[in-house]
Number of protein chains: 2
Amino acid sequence: MPKTSQAAGLHRASLKKLHDLDAALELMYYGWRGMTLEADEYLAKLGLSRPHHRILYVVARRPDIAIGSLLEILGISKQALNRPLNLLLERKLLTSKRSPEQHRSKLLRLTDAGQRIEKNASDHERKVLRAAFDRVGEPGAAAWMAVMETIADNN
Amino acid sequence: MPKTSQAAGLHRASLKKLHDLDAALELMYYGWRGMTLEADEYLAKLGLSRPHHRILYVVARRPDIAIGSLLEILGISKQALNRPLNLLLERKLLTSKRSPEQHRSKLLRLTDAGQRIEKNASDHERKVLRAAFDRVGEPGAAAWMAVMETIADNN
DNA sequence: TTTCTAAAGTCAATATAGTTGACATGAGAA
DNA sequence: TTCTCATGTCAACTATATTGACTTTAGAAA
């Protein structure tokens, strides 16, 4: 667990701006950290981290997802998925069972405990977003979304 | 170098939204990737990566910075800084010399080649931001900044 | 001159999050 | 029975970080 978040945060405005968009560029970096900071601390207390949260997040929104589809969505190799996924199964935050008709695939679901943890972690992140959106009102929030969509689709 | 960026990008909208702010939450994730994708590809061609870029970015905006201050701003340990910093010195993208009066510290500066690479990499990121801001106009851009500042300062 | 201290550098061990390649297993389909 | 798909696992590797324990460099103080 890096201790960098706080130290780095202290220096958010300490660099000379060489270009027009340098401030925006830095905000993208510190924005990600700001949004995930509390969620990561919460997860760390449970012995979990970002990869576990990503798995829980996706499975929460795609109950009965097969492992292959999960891999596609996460964009990682099955070997990389292996450890965090098995931890979640061992801890009974996820269940896996063969599909009734498609016996080849295994379907993943959150247990109640898994749902609770997914919600708590995501709530930390949504809380930060909520506070920021409230400060700029509905039109500002819509503008933020529009900007982020354009940026996100750059690939 | 992970191959995940493209695959993950394809699935940006594929999850059911359980909460109001889920879309925003996902946009933060994919926004970071969208902004850094081309810059990372450019850096990879040169055998460099994000840590190198961060060093170049900071030194460009703080010429004659001491190594200790650089560590503080980056928020990493000196052992973690060691490898990428030495690579940049070996490649002559950075110079390091003892300060005239403060002989204890070493002052870092970009060479012309270092400046060029820093600018190219950051230009890729700024280009993505520019395009997105242009689509929403000045007020939208200001709203985006306001939202990100609130989020970034959450620590 | 010796000693103290600050800044930087280095060595080793460890963690985390990923990669590729090769191979094994489980279970339906031909 | 064999083929194939989905999954699981083993091993080796890479990149980016950590902590701890030193050493080196060079000015400051005794």
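Letters A, B, ... mirror the listed sequences (proteins, then strands); counts begin at 1.
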Tell me whether the OP1 or OP2 atom of [N] has a side-chain N or O from [X] closer than 4.0 Å.
{"X": "A/S77", "N": "C/dT19", "value": "yes"}
{"X": "A/N86", "N": "D/dT9", "value": "yes"}
{"X": "B/S105", "N": "C/dA7", "value": "no"}

Please report, rounded to the nearest Å, how far the [atom2] atom of [N] is from the [atom1] atom of [X].
{"X": "B/L85", "N": "C/dG9", "atom1": "CG", "atom2": "P", "value": "7 Å"}
{"X": "B/L81", "N": "D/dA15", "atom1": "CG", "atom2": "P", "value": "17 Å"}
{"X": "A/R98", "N": "C/dT25", "atom1": "CZ", "atom2": "P", "value": "14 Å"}
{"X": "B/K78", "N": "C/dA12", "atom1": "NZ", "atom2": "P", "value": "16 Å"}
{"X": "B/L88", "N": "D/dT16", "atom1": "CG", "atom2": "P", "value": "12 Å"}
{"X": "B/L43", "N": "D/dT16", "atom1": "CG", "atom2": "C1'", "value": "15 Å"}
{"X": "A/R83", "N": "D/dT7", "atom1": "CZ", "atom2": "P", "value": "21 Å"}
{"X": "B/L71", "N": "D/dT19", "atom1": "CG", "atom2": "P", "value": "12 Å"}

Check this for me, if you would: do A/R130 and A/D134 make a salt bridge, where the nitrogen-to-carboxylate-oxygen distance has to be below 4.0 angstrom?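 Judged by the 4.0 Å cut-off on N to carboxylate O distance, A/R130 and A/D134 do form a salt bridge.
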Donor-acceptor pair, B/R61 side chain versus B/Y57 backbone, under 3.5 Å?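 Looks like yes, one N/O pair under 3.5 Å.
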Just by modelled atom types, is the A/R104 backbone N or O under 3.5 Å from a matching donor or acceptor in the A/K106 side chain?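 Not at all, since once roles are kept as given, no pair shorter than 3.5 Å links the two residues.
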Between B/F133 and B/W144, how do the two ring planes meet: parallel, tilted or perpendicular, split at 30° and 60°?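 Plane angle over 60°, so perpendicular.
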Name the closest nucleotide to the [X] side chain, picking from [options].
{"X": "B/K106", "options": "C/dA8, C/dT19, C/dA17", "answer": "C/dA8"}
{"X": "A/R104", "options": "D/dG8, D/dT18, C/dG28", "answer": "C/dG28"}
{"X": "A/A80", "options": "D/dT9, C/dA8, C/dG18", "answer": "C/dG18"}
{"X": "A/I76", "options": "D/dG20, D/dA11, C/dG18", "answer": "C/dG18"}
{"X": "B/Q79", "options": "D/dA17, D/dA11, D/dA21", "answer": "D/dA21"}

Given the rule that I, L, V, M, F, W and Y join up when any side-chain heavy atoms are under 4.5 Å apart, are A/L107 and A/L93 in one cluster?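 Different hydrophobic clusters.
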